[in-house]
Amino acid sequence: MAAMKPRTGDGPLEVTKEGRGYVMRVPLEGGGRLVVELNGDEAKDLGEKLLALFA
């Protein structure tokens, strides 16, 4: 049996293309990750809203 490593929130935000969608993994305070699956339209909308915050 392989040794299991504890999952922590340490690490960068990741976004990968999987199939027809995108999977975003966001590290959380206190450990763990929030995993969100988005389709192309949702990813584009999220990007636009994030950019609007910093404009």
Side-chain angles (χ1 to χ4, degrees):
M1 181 180 231
M4 297 291 288
K5 292 182 182 176
R7 292 191 147 206
T8 66
D10 295 338
L13 171 109
E14 299 176 86
V15 179
T16 57
K17 182 159 178 43
E18 296 185 13
R20 291 187 283 175
Y22 300 89
V23 176
M24 179 173 62
R25 294 173 179 89
V26 181
L28 299 174
E29 289 284 326
R33 289 181 175 263
L34 171 67
V35 179
V36 180
E37 186 171 354
L38 306 162
N39 64 34
D41 292 334
E42 292 168 332
K44 183 179 177 183
D45 188 42
L46 175 61
E48 290 170 355
K49 290 183 182 191
L50 289 171
L51 288 172
L53 288 174
F54 297 101

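What you are looking at is a predicted structure, and each value in this text was computed from that prediction instead of being measured.
Annotation: side-chain contact (heavy atoms from CB on, under 4.5 Å) contacts of Glu18 (sequence neighbours excluded): Thr16, Val23, Arg25. Listed by chain and residue number, nothing satisfies the side-chain hydrogen bond (donor to acceptor under 3.5 Å, both in side chains) test with Glu37 (two or more places apart in sequence, or in another chain).
Minimum heavy-atom separation, Gly11 to Pro27: O-CG, 3.1 Å.
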What pairs of donor and acceptor atoms, side-chain ones from residues 38-53 against any protein atom, are under 3.5 angstrom apart with sequence neighbours left out?
from, atom 1, to, atom 2, distance (Å)
Asn39, OD1, Asp41, N, 3.1
Asn39, OD1, Glu42, N, 2.8
Glu42, OE1, Asn39, N, 2.9

